[in-house]
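Written out below as structure tokens is the structure these notes cover.
Quick caveat, the model's predicted, so the values are computed rather than measured. Start at 1 and go down the list; that is how both ligands and their atoms are numbered. Numbers here simply count residues along the sequence, with the first being 1.
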Amino acid sequence: MSQTETRPLLGCIADDFTGATDLANMLVRGGMRTVQVIGVPAADAELDAADAVVVALKSRTTPAAEAVSESLAALAWLRQRGCRQFFFKYCSTFDSTAEGNIGPVAEALQEALDCDFTLACPAFPETGRTLFRAHLFVQDQLLSESGMQHHPLTPMGDANLVRVLQAQSRGKVGLLRYDQVAKGPEAVRAAIAELRTSGHRLAIADALSDADLHTLGAACAELPLVTGGSGIAQGLPENFRRAGLLQAHDAAALALPAGGEAVLAGSASQATNGQVAAWLEAGRPALRLDPLALAQGDDSIDAALAWAREQGQAVLIYATSPADEVKAFQRELGVARAGELVERALGLIARGLFDQGVRRLVVAGGETSGAVVQALGVQSLRIGAQIDPGVPATLGQVAGEPLALALKSGNFGSRDFFAKALRQLAGEQA
Ligand SMILES: Nc1ncnc2c1ncn2[C@@H]1O[C@H](COP(=O)(O)OP(=O)(O)OP(=O)(O)O)[C@@H](O)[C@H]1O
Ligand SMILES: O=C(O)[C@@H](O)C(=O)CO
């Protein structure tokens, strides 16, 4: 990799791996060359030239103090690289607990940046997440009725995000109402000034459309820190372009490698279950991992690798199961142990597949993607063109060799995503 020639403009901290990739995808679509790094790199790490750098953490559900200290370390690294503005990325469904980690991390970053006010906006209309009068909707349902109220780690039982964020913040949380957002950037700047004057340190921003997010982005040009889902980041590249700081590049160009192809699915979401079903319906080779067999030792991992080698074509190896079956495995093995067994197995299988010549890999699930990328020793990803909203093609290095990767959040992607992603990783139009 070549040494950075230019200083990045935007430094981002993401609270999970696939969320980081979602944000990076949005920035590339806005014309920013973007690199994603896995964890906080060494101070002198070499990176490709980039306009934006996204540090991917795994801090969504760790204890708040840990999330704060990791996020501050990421901020210090990004400041040292010369970034001018900072972005804290969390989930478009505002995944958090009463203790955090969105409020504590946002406030710690504000303090470190001497930033007395920032916005919080998870809206992502392209994937059905909209915000009105501080209430977050997922498609046609309130967040608290969308299924997210049952999330095992971050159950979201209240759709009023001013209330949710206030419960995890020390400073006063306000609302930037849709009425002001609809009037454009000047009205938003005036509303921000009023919120500041009335002692607010954070405000949830309403947004129903990409146009609203561009308005918010434009009004955030002077804020040292912006927080949200990937949606609100779509307005930021234009600020740098207007200021003459962002040059025109083909930000999405990637030199994709030739080689074998595979899909690994460890997400148990509804969307991933549908994607696995579509692959099976197409009669393509697929092998299901049994968590109970994994608990007995590594034989089924070796068997999966031997099976994949025999197929001589793209394979799917998956632990994805319907919710009732996942619950049964969890009852038998414990929630954490079941998750760890599957993550470890898919990480080892990824490594084995790479050794067998796989150079194009699709991974489904945020935790699963984290486990796979770590097992492969990938340290940074160059971000390419979008496959589906929130999921770009990416390029990493494993032991000095290129590997094309698509890391998919559980709930993202069309039903035929796996085949579509493999086509795009092979350099074809998705
Ligand atoms: N059959 C199974 N039984 C028990 N646990 C499973 C099974 N399949 C997958 N898991 C575990 O469920 C978890 C799924 O989390 P992951 O983050 O990968 O997917 P997700 O929650 O759908 O995605 P995202 O976080 O991007 O929304 C992982 O820890 C995985 O190992
Ligand atoms: O914002 C989203 O929905 C995703 O990028 C994500 O973070 C899912 O875990």
Which pairs of N or O atoms, one from ligand 2 and one from the protein, are separated by less than 3.5 Å, and what is the distance for each pair?
| from | atom 1 | to | atom 2 | distance (Å) |
| --- | --- | --- | --- | --- |
| ligand 2 | 1 (O) | D22 | OD2 | 3.4 |
| ligand 2 | 1 (O) | K89 | NZ | 3.0 |
| ligand 2 | 1 (O) | S92 | N | 2.8 |
| ligand 2 | 1 (O) | S92 | OG | 3.4 |
| ligand 2 | 3 (O) | S92 | N | 3.4 |
| ligand 2 | 3 (O) | S92 | OG | 2.6 |
| ligand 2 | 5 (O) | D22 | OD2 | 2.6 |
| ligand 2 | 5 (O) | K89 | NZ | 3.0 |
| ligand 2 | 7 (O) | R60 | NH2 | 2.8 |
| ligand 2 | 7 (O) | K89 | NZ | 3.2 |
| ligand 2 | 9 (O) | D16 | OD2 | 3.4 |
| ligand 2 | 9 (O) | R60 | NH1 | 2.8 |

Does the ring of F354 carry R359 above it, NZ/CZ under 6.0 angstrom from centre and within 45° of its axis? yes
Using only heavy-atom distances, determine whether the side chains of [X] and [Y] contain a donor-acceptor pair under 3.5 Å.
X	Y	result
D212	S209	yes
T93	D95	yes
Q36	T394	no

Exercise answer: donor-acceptor pairs, residues 218-237 side-chain atoms, under 3.5 Å, sequence neighbours excluded:
| from | atom 1 | to | atom 2 | distance (Å) |
| --- | --- | --- | --- | --- |
| T227 | OG1 | Y90 | OH | 2.8 |
| T227 | OG1 | L119 | O | 2.8 |
| S230 | OG | D22 | OD1 | 2.8 |
| S230 | OG | D22 | OD2 | 3.3 |
| Q234 | OE1 | H214 | NE2 | 3.3 |
| Q234 | NE2 | D210 | OD1 | 3.4 |
| Q234 | NE2 | G231 | O | 3.0 |

At a 4.0 angstrom heavy-atom cut-off, ligand 1 is contacted by T18, G266, S267, A268, S269, P291, A319, S321, V326, F329, A338, G339, V342, E343, G365, G366, E367, T368, S409, G410
Which pairs pass side chain to side chain donor-acceptor pair (under 3.5 Å) with one or both residues in residues 276-293, sequence neighbours excluded?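 Qualifying pairs: E281-R415, R288-S321, R288-E325.
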Strictly distance-based, threshold 3.5 Å: is any side-chain N or O of Q275 a donor or acceptor partner for the main-chain N or O of F417?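 Side chain of Q275 to backbone of F417, a donor-acceptor pair under 3.5 Å: no, none is there.
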Would you say that C121 contacts L216 through its side chain, given a criterion of any heavy-atom pair below 4.5 Å between the two side chains? yes
Is Q141 atom CD crowded by more than 12 heavy atoms from other residues, nucleotides or ligands, each under 6.0 Å away?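 It does: Q141 CD has more than 12 such atoms within range.
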